[in-house]
Amino acid sequence: MRYSAVFRVLAVALCFAVAEPIIVTEAHHAYAQSRDGGSGGGFLSKFFGLFKPKKETREKKIQRRSPRRTTKRRSKPTQPQPVAPRINEEPKNEDAKVLLVVGDDVARGLADGLRAVYAKTPSIRVEKLVYAKTGLVKDKKPDWPEDVTKTLSEQDVGLVVITLGAEDDKAFRFGDQTLPFQGPDWMKEYRFRVASLVASVRNEQLPMIWVGLPPAEDYQKTASFSFLNDLYMEQVEPSGGIFVDIWNAYLDENGVYTSHGPDINGKRKRLRDRDGVYFTWDGYRKMAFFVEREIARVFGSASAFIFEGVKDDPNFMVLTGRLTSPEKKLISNADKKPEPVPGTPQYKLTVSGADMPRVPGRVDEDRWPVF
């Protein structure tokens, strides 16, 4: 009895199928394909399809398992760029000597680093002659030798620090003519411009320090900067200037470019900017450390006497202290010497002629040890 209902339904369906045949049109055929996944079939397939479970498409399964998020993903927070601290400089003396920094954007950061170095030195004032995003490749704009000569005539400059070239790995343009980078004509013109800039400082009989370019993140730029450093060195050192090579200071232990490294306090900091060419504040401060070290080696110290006497002879280097002495009278034999005090080792040695007591284990102990 339980199958009777099913047979009745089938019988009625067959009767309708025989009595009224179904005409399958193109529209019905397309509909059947869309419902049955592309398979054909007539009335019976449609009828029995009512008893089949509905199939979920792959897209619906994915949506059911992982519903679409209504909120946006939070982007990974970026590390804030180190900001240069505020430099609190002590008031400078009226006759303070000027340390002039010349160059491009690297020179701007270096000048700030040197300001921090000499912030507590009232006899030194750091000034800068900086042109952003430019170098020696520009077509006489700016005119570096002319601008440097003008600045030196207007200010009491005691030392010139030069660093540029980060934008010079490009071709020269002279009107319609273009000189390719590193070509023979390019090298001839670039050497001339470097020599002219060096001469504008050395003609004033001033000491000069030229800071070389560092390695860059891009391999091609690194090769270009190394090539430019060789050109700077061959013009600076023969003229009596000092070339400061900072290349290895910004490499890791494997000799590869790194954006991080130890700062002047030995702490690991980000030293290079995200463009892979310029520096952060800690990077500029580290560069200023190397420059200040060269200044100390040349002039002896960073005291009030640092620049005195240098203009008389730019090749004269003081390695043992300050340049002048505050004493006006030299020591001579006529000066009265203090008499030895009786009972002291000095009196026993110089007046009585007694031997100094031996110290066991000292290098001048000439007695055999007792075993």
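Ser226 places no side-chain N or O within 3.5 Å of a backbone atom of Ala223 that could act as its donor or acceptor partner. The backbone N or O of Gly103 sits nowhere less than 3.5 Å from a side-chain atom of Trp144 that would complete a donor-acceptor pair. Using modelled atom types, no side-chain atom of Arg270 and backbone atom of Ser259 make a donor-acceptor pair closer than 3.5 Å. Distance alone, capped at 3.5 Å, is enough to place a donor-acceptor pair between the Arg202 side chain and the Leu206 backbone. In this structure a side-chain-to-backbone donor-acceptor pair under 3.5 Å is present from Asp263 to Asn265. Under a 3.5 Å cut-off, the side chain of Asn93 and the backbone N or O of Asp95 do not form any donor-acceptor pair. Remark: the backbone N or O of Ala107 is not paired with any side-chain donor or acceptor of Thr163 at under 3.5 angstrom.
Ring centroid separation for the pair Phe225 and Trp247 does not come in under the 6.0 Å cut-off.
With respect to Arg125 and Glu127, a salt bridge is recorded, a charged nitrogen being found less than 4.0 Å from a carboxylate O. Look at Asp112 and Arg115 and you find a salt bridge, because one of the NZ, NE, NH1 or NH2 atoms lies within 4.0 Å of a carboxylate O, short of that distance. Glu89 and Lys120 are not joined by a salt bridge, as no carboxylate oxygen comes within less than 4.0 angstrom of a charged side-chain nitrogen.
Counting all heavy atoms, side chain and backbone alike, Pro122 lies closest to Ala96 at O-CB, 3.6 Å. Between Trp186 and Leu228, the shortest heavy-atom contact is CH2-CD2, 3.7 Å.
Residue Tyr190 holds its OH atom at 7.5 Å from CG of Leu231, rounded to the nearest 0.5 Å. Once rounded to the nearest 0.5 Å, the distance linking CG of Leu213 with NZ of Lys221 reads 9.5 Å. The distance from atom CG of Leu99 to atom CD1 of Ile124, rounded to the nearest 0.5 Å, is 7.0 Å. Atom OG of residue Ser196 and atom CG of residue Asn203 lie 10.0 Å apart, to the nearest 0.5 angstrom. Here the OG1 atom belonging to Thr121 is positioned 15.5 Å from the NZ atom belonging to Lys97, to the nearest 0.5 angstrom. Atoms CG and CG, on Asp245 and Asn229 in that order, are 6.5 Å from each other to the nearest 0.5 Å.
Ring planes of Phe181 and Phe227: perpendicular class, angle over 60° (limits at 30 and 60°).
Checking Tyr257 against Asp252 by side-chain atom types alone, no donor-acceptor pair falls below 3.5 Å.
For the pair Arg272 and Tyr278, the NZ or CZ position fails the cation-pi test of under 6.0 Å to the six-membered ring centre and within 45 degrees of the ring normal. A cation-pi arrangement is found for Lys286 relative to Tyr250, the charged atom lying closer than 6.0 Å to the ring centre and inside a 45° cone about the ring normal.
Summarising the local packing, NZ of Lys150 is surrounded by 12 or fewer heavy atoms from other residues, nucleotides or ligands at distances under 6.0 Å.
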**Report entry** Worked verdict on Asp105 versus Tyr131 for side chain to side chain donor-acceptor pair (under 3.5 Å)
**Finding:** CA-CA 7 Å; Asp105 295 271; Tyr131 296 100; over 6 Å; no

